[in-house]
Structures are given as C-alpha cells and as structure tokens.
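Have a look at the structure below, then the notes.
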Amino acid sequence: MKNATLHFEFHISITALIMFLLKTWRASAFGVYGYLNFTRNGFLEHSKKFKPEDMEIRIEGKNCVVTGANSGIGFATAEALASCGATVYMVCRNKEKGETALSKIQSSTGNPNVHLEVCDLSSISEIKSFASRFCSKDVPVHVLVNNAGLMEQKRVTTSEGFELNFAVNVLGTYATTELMLPLLEIASPDARVITVSSGGMYTTPLTSDLQFSDGKFSGAEQYARNKRVQVALTEKWAEMYKNKRIGFYSMHPGWAETPGVAKSLPDFNKWLSGKLRTSEEGADTVIWLALQPKEKLVSGGFYFDRAEAPKHLKFAATRQSHAIIDSIVDTLRSLVYSQKNSS
C-alpha cells in the first residue's frame with residue numbers, strides 16, 4: 001500500500017513538472033519571439049517587404065462591419081476602411097464614445113457613409129437584437145472584423161452568467177459571426193471574416209475549460225486561452241463554410257499601444273514604452289486582409305505583418321489541442337441558441 005502511494009505521488013510530481021516546464025518554455029519562447037517581432041522595430045523591419053500598391057485598392061460600394069471600433073485598433077481599422085471608400089458600420093458598446101469616434105472618422109476621411117451601431121458584445125441577447133436589426137437592412141456584409149476584446153484581470157460574471165473575458169472574446173465573436181452569416185453569404189464570393197487575435201495565444205493550448213472554472217483565475221491566461229480559441233475557431237469556420245465561399249482569417253496585430261493595453265497591462269505598457277506599435281501599425285494587417293483578392297489568402301490562416309504566420313511555437317505542444325475544437329463549437333452553439341439566452 002505504501003509503495004502504491006509513493007508511486008502515485010511520484011507520478012503526479014513528474015506530470016506536474018512536465019506541465020511546469022512546458023508552461024515555462026511557452027512563456028520564454030513567446031517572450032523572445034515577441035520581443036524580436038511584435039514591437040514597433042519588428043513592424044518597421046517587416047514593412048520593408050510590404051507592397052504599397054496592396055493598400056491602394058478602393059472598395060467603394062462594399063460594406064464593412066467593425067466591432068470595438070471607438071478606439072485603438074478598431075478605430076484605426078474603421079478609419080482606414082472608410083478612407084478606402086467603404087461603407088463602414090462601427091459596432092460600439094458606448095453610444096457617446098461611438099458617436100465621438102464616428103464624427104472623427106467622417107471628418108478625417110470625408111466619407112459620410114460611416115454609421116454607428118450600439119451593442120454590448122458581452123451580452124448574447126444584445127448581439128441577437130443587433131443582428132436582427134442589422135439583418136433587416138438586408139445589406140450584404142463584405143467584411144466583418146471581429147476586433148472587440150478585453151482583458152479583465154479579476155473574475156467578473158455577466159448578467160447572463162458568463163465569465164466576462166469569455167463572453168466578449170469568444171462567445172461574442174462566435175455569436176456575431178454566426179448571426180451575420182446570411183449577410184456574408186449575400187456578399188460572397190468576396191465576403192470575409194477577419195478576427196483580431198493575439199500573440200498571447202502562443203502561450204497556451206486549446207482547452208475545454210472555456211470559463212476558467214478550474215484553478216486560480218488569471219485574467220491574462222484567460223485572455224490567451226480566448227485568443228487560442230479564436231484561431232482554432234477560424235480554422236473550423238473555414239472548413240464548415242467552405243461551400244458558402246466566405247473567407248475566414250485570424251491575425252495578430254503585434255504589441256500595440258492602445259487604451260486597452262494601457263488599462264489591462266499597465267506594467268507591460270510601461271516596460272515597453274516607446275517600443276510598442278501604434279494603433280495604425282497594429283491595424284495594418286487587418287486592412288491588408290480586407291483589401292487583398294481572396295486568391296492571395298488562405299482561408300483558416302493566421303496572419304501577422306501581411307504574411308501567413310505559424311499558429312504554434314516550436315516544442316510548445318499546442319498543435320494537437322486543436323482537435324477539441326468540435327466540442328467547443330458544440331458548446332458555443334448551445335450557449336448562443338439555448339432557450340435561456342434566446343431573444
């Protein structure tokens with residue numbers, strides 16, 4: 001009996017050690033890779049290979065929906081798309097901030113076809129109301145940019161009973177995309193969905209613990225998990241809706257100096273002061289993905305600085321975890337379409 005107990009304790013210790021080493025390796029590899037590539041210097045280096053003509057494409061007559069568009073990368077994205085002649089729908093939680101951002105974009109671009117849609121993307125019922133309202137316009141959606149996101153360091157539960165980071169980053173992204181499918185189909189074969197993920201996803205595998213129910217809650221780790229889901233979900237969407245001729249892409253903006261980063265990661269923001277990308281540099285690949293002919297892009301791909309990027313770091317043991325995406329999609333579908341949250 002004593003030997004069995006010792007064997008069990010030794011086995012647990014070995015497993016814990018392996019997990020600790022893996023987690024340490026992921027964090028270290030991410031830190032080094034990120035510092036070399038994700039800062040402003042990385043952008044300036046990579047931009048030497050950019051083709052200016054890629055961003056000179058006009059998209060008059062095309063409709064673009066951008067979530068979280070009142071500040072940071074979302075604002076820069078909405079402004080750039082408006083500059084390209086698109087009709088832009090800014091989805092913002094706060095009406096006053098949204099109206100201020102809307103006015104700025106109309107003024108800076110001279111494009112009057114910029115509109116505000118108010119919706120709290122942490123609420124399934126609000127997303128359903130927004131989608132129903134928007135679908136009634138019968139406007140084809142050529143580009144949907146899932147940019148809205150947050151990193152809440154403390155566990156906060158929404159009125160619908162969901163952990164807040166998960167509610168916005170995963171459930172909100174899933175619900176918005178699924179409910180916009182009819183309008184994306186109208187715009188096919190040119191329709192595309194671009195989801196703004198994060199390099200933080202390199203530090204974690206996909207997990208079915210979507211609401212961080214196990215262990216001590218960490219906002220930063222939950223955010224990374226959420227962003228890993230977005231990348232795997234993009235792969236799955238590309239597979240599921242291939243026949244609908246809608247392109248699905250995820251991307252990483254690099255480390256950008258945005259209001260969200262300053263609020264959620266003040267120490268990180270201070271440590272890399274002067275080295276972070278601007279919001280415009282962070283949004284660059286979003287715009288690039290929105291403008292390029294789909295033949296140049298890989299549906300389901302993960303992009304960084306106008307090029308397809310790896311979804312997994314070497315020796316990080318995250319690749320096989322994507323196998324559980326089917327069960328995650330089933331969970332998300334049940335949460336969105338359950339009677340409890342139906343509108």
Side-chain angles (χ1 to χ4, degrees), residues 15 18-19 22-23 26 121-125 127-128 131 144 146 148-151 155 157-158 160-181 184 193-198 200-244 246-252 298-302 310-313 316-342:
T15 302
I18 291 173
M19 293 307 297
L22 254 182
K23 199 168 184 178
R26 289 171 187 150
L121 291 167
S122 71
S123 166
I124 293 300
S125 61
I127 293 173
K128 286 181 175 179
L144 168 62
N146 290 314
L150 62 77
M151 184 194 297
R155 178 180 284 281
T157 303
T158 69
E160 295 174 339
F162 302 119
E163 189 277 317
L164 182 58
N165 292 286
F166 163 77
V168 175
N169 302 331
V170 176
L171 198 57
T173 295
Y174 175 81
T176 302
T177 303
E178 290 286 333
L179 294 171
M180 283 286 174
L181 278 176
L184 287 159
V193 176
I194 303 163
T195 298
V196 180
S197 184
S198 165
M201 66 97 191
Y202 282 124
T203 65
T204 183
L206 202 59
T207 173
S208 56
D209 182 18
L210 297 175
Q211 301 197 60
F212 214 119
S213 303
D214 301 328
K216 185 179 179 182
F217 182 81
S218 163
E221 185 175 348
Q222 175 67 334
Y223 180 80
R225 291 181 179 186
N226 293 169
K227 294 300 176 176
R228 170 62 71 185
V229 175
Q230 290 179 340
V231 172
L233 193 53
T234 296
E235 287 180 335
K236 187 62 183 176
W237 274 327
E239 175 191 319
M240 288 170 60
Y241 300 127
K242 181 169 57 178
N243 293 336
K244 294 184 184 293
I246 301 170
F248 293 89
Y249 318 99
S250 57
M251 61 76 66
H252 169 32
V298 177
S299 190
F302 179 64
K311 297 170 184 172
H312 310 273
L313 294 180
T318 56
R319 189 180 305 273
Q320 295 305 315
S321 69
H322 279 214
I324 67 171
I325 188 59
D326 287 355
S327 64
I328 289 176
V329 168
D330 288 343
T331 299
L332 297 177
R333 185 181 294 116
S334 68
L335 292 177
V336 171
Y337 297 108
S338 66
Q339 186 63 37
K340 172 185 173 184
N341 296 302
S342 62

Taking the side chain as every heavy atom from C-beta outward, state whether [X] and [Y] have any atom pair closer than 4.5 Å.
X    : Y    : value
V196 : M251 : yes
L210 : L332 : yes
H322 : E235 : yes
V229 : L206 : yes
T158 : V168 : no
I124 : F162 : yes
N169 : Y223 : yes
Y241 : V193 : no

Next on the checklist: Restricting to non-hydrogen atoms, name the atom on S197 and the atom on V231 that form the minimum distance, rounded to 0.1 Å.
Outcome noted: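 Where S197 meets V231 most closely, the heavy atoms are OG-CG2, 3.5 Å.
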
Item to check | Residues in ring pair (Phe, Tyr, Trp, His ring centres under 6.0 Å) contact with Y202, at least two apart in sequence or another chain | outcome: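 Ring pair (Phe, Tyr, Trp, His ring centres under 6.0 Å) check on Y202 returns Y33.
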
Between the side chain of [X] and the main-chain N/O of [Y], is any donor-acceptor distance below 3.5 Å?
X    : Y    : value
S299 : F248 : yes
T176 : T173 : no
N165 : Q222 : no
K128 : A175 : no

Checklist entry - Do E160 and S125 have side-chain atoms, one donor and one acceptor, less than 3.5 Å apart? => result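 The criterion, which ignores hydrogens and geometry beyond distance, is satisfied for S125 and E160.
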
Item to check | Results of salt bridge (charged side-chain N to carboxylate O under 4.0 Å, His left out) for R333 - residues two or more places apart only | outcome: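 Residues passing salt bridge (charged side-chain N to carboxylate O under 4.0 Å, His left out) with R333: D330.
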
Item to check | Y174 and W237 aromatic ring geometry - parallel, tilted or perpendicular at 30°/60° bounds | outcome: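 The arrangement is parallel - the two ring planes meet at less than 30°.
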
